[in-house]
Amino acid sequence: MSYLENDTFGIYKSHTGPGPYLMGAKTLIGEEVINHESEDLGSIKEIMLDMRTGKVAYAVMSFGGFMGVGDKLFAVPWTALTLDTVNKRFVLNVEIPHLVNAPGFEKDAWPDMNDAAWVNELHSYYGIKAYQNAPL
């Protein structure tokens with residue numbers, strides 16, 4: 001589902017609207033994620049905001065399973081994603097085997113995303129500097 005279909009307020013109807021540089025978080029839920037080989041990597045289920053800094057921290061994605069059953073959830077650093085405005089989807093530059101082995105979690109057992117060890121492991125896995133360590 002593209003952000004245009006999730007746009008209940010008509011944010012993106014005209015070319016003078018806020019997108020694609022400013023976008024409503026709700027419109028991005030369900031957005032398709034692919035890699036550079038156009039392989040389906042899943043979809044965005046949630047967007048995690050750091051309430052102290054106002055930064056977008058992670059996109060929580062689902063991957064695997066069949067029709068929502070057996071999906072693996074995992075957080076991806078927001079800066080690892082790029083928005084493909086032409087095809088209205090996100091691109092994550094990882095191969096499927098790398099994603100299969102990514103640190104993930106079950107929908108009823110979310111990690112403490114504020115835990116320094118978890119943050120370091122996740123960002124190291126994706127080769128992305130932790131947003132907490134980036135300048136404001």
Side-chain angles (χ1 to χ4, degrees):
M1 179 177 285
S2 83
Y3 58 86
L4 293 174
E5 295 167 315
N6 284 335
D7 182 14
T8 58
F9 293 114
I11 298 170
Y12 313 113
K13 284 187 178 180
S14 74
H15 292 285
T16 59
Y21 300 109
L22 293 173
M23 299 188 72
K26 183 179 176 183
T27 63
L28 300 176
I29 303 300
E31 198 71 22
E32 175 186 19
V33 181
I34 62 160
N35 63 16
H36 282 96
E37 289 79 34
S38 295
E39 296 173 308
D40 182 20
L41 300 181
S43 62
I44 295 180
K45 297 298 183 188
E46 190 60 84
I47 296 172
M48 305 305 294
L49 307 173
D50 184 323
M51 300 308 292
R52 297 164 296 192
T53 65
K55 292 182 180 181
V56 178
Y58 307 104
V60 176
M61 294 177 42
S62 67
F63 175 73
F66 180 71
M67 296 184 70
V69 177
D71 284 3
K72 177 181 178 181
L73 293 178
F74 52 96
V76 173
W78 186 254
T79 55
L81 295 165
T82 56
L83 180 62
D84 175 354
T85 58
V86 173
N87 297 302
K88 297 167 184 56
R89 58 190 179 189
F90 282 98
V91 178
L92 177 62
N93 192 21
V94 298
E95 303 289 328
I96 288 179
H98 189 74
L99 194 59
V100 168
N101 294 313
F105 53 95
E106 299 296 323
K107 66 179 180 179
D108 57 352
W110 285 52
D112 177 357
M113 294 181 177
N114 196 45
D115 177 67
W118 182 87
V119 169
N120 289 334
E121 175 190 7
L122 182 76
H123 287 268
S124 292
Y125 191 82
Y126 287 100
I128 302 286
K129 185 176 183 177
Y131 79 94
Q132 295 92 329
N133 299 329
L136 294 175

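Numbers for residues simply follow the sequence, beginning at 1. Note that the structure is predicted; figures quoted are calculated from it, not measured.
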Interatomic distance, Asn35 atom CG to His98 atom NE2 [nearest 0.5 angstrom]: 11.5 Å
Nearest heavy atoms of Phe105 and Ala75, plus distance in Å: CE2-N, 3.7 Å
Sidechain N-carboxylate O distance under 4.0 Å for Arg89, Asp84: yes
Under 3.5 Å donor-acceptor, Tyr125 side chain and Leu99 backbone: no
Atom pair CE (Met61) and OG (Ser43), whose distance is rounded to the nearest 0.5 Å: 7.5 Å
Under 3.5 Å: donor-acceptor pair, side chain of Asp50, backbone of Gly54: no
Beyond-backbone contact of Val60 with Lys107, side-chain heavy atoms, under 4.5 angstrom: no
Test item: Asp115 side-chain N/O and Pro111 main-chain N/O as donor-acceptor pair under 3.5 Å: no
Pro103 vs Glu121 side-chain heavy atoms within contact, under 4.5 Å: yes
Audit row: Leu81, Val33, side-chain contact (heavy atoms from CB on, under 4.5 Å) steps and yes/no: CA-CA 9 Å; Leu81 295 165; Val33 181; 4.1 Å; yes
Donor-acceptor under 3.5 Å (Lys45 side chain, Leu73 main chain): no
Spacing of Met23 atom CE and Leu83 atom CG [to the nearest 0.5 Å]: 5.5 Å
Non-neighbouring partners of Phe74 that pass ring pair (Phe, Tyr, Trp, His ring centres under 6.0 Å), sequence neighbours left out: none
Parallel, tilted or perpendicular: ring planes of Trp118 versus Tyr58, cut at 30 and 60 degrees: perpendicular
Least distance between heavy atoms, Ala80 atom then Leu92 atom: O-CD1, 3.5 Å
pair Glu32-Ile34: side-chain heavy atoms closer than 4.5 Å: yes
Closest non-hydrogen atom pair between Lys129 and His123, with its separation: O-ND1, 3.6 Å
Worked check of side-chain contact (heavy atoms from CB on, under 4.5 Å) between Trp78 and Ile47: CA-CA 9 Å; Trp78 186 254; Ile47 296 172; 4.2 Å; yes
Atom CD of Glu106: over 12 foreign heavy atoms under 6.0 Å: no
Evaluation steps, side-chain contact (heavy atoms from CB on, under 4.5 Å), between Ile29 and Glu46: CA-CA 6 Å; Ile29 303 300; Glu46 190 60 84; 4.2 Å; yes
Main-chain N/O of Gly24 paired to Thr27 side chain as donor or acceptor, under 3.5 Å: yes
Phe90 vs Leu41, side-chain contact (heavy atoms from CB on, under 4.5 Å): CA-CA, chis, key distance, verdict: CA-CA 10 Å; Phe90 282 98; Leu41 300 181; over 6 Å; no
Over all atoms of both residues, closest heavy-atom pair of Gly104 and Lys72: CA-CE, 3.6 Å
Min side-chain heavy-atom separation Lys88-Glu31 under 4.5 Å: yes
Shared hydrophobic cluster for Val91 and Phe63 (ILVMFWY, side-chain gaps under 4.5 Å): no
Min side-chain heavy-atom separation Arg52-Asn114 under 4.5 Å: yes
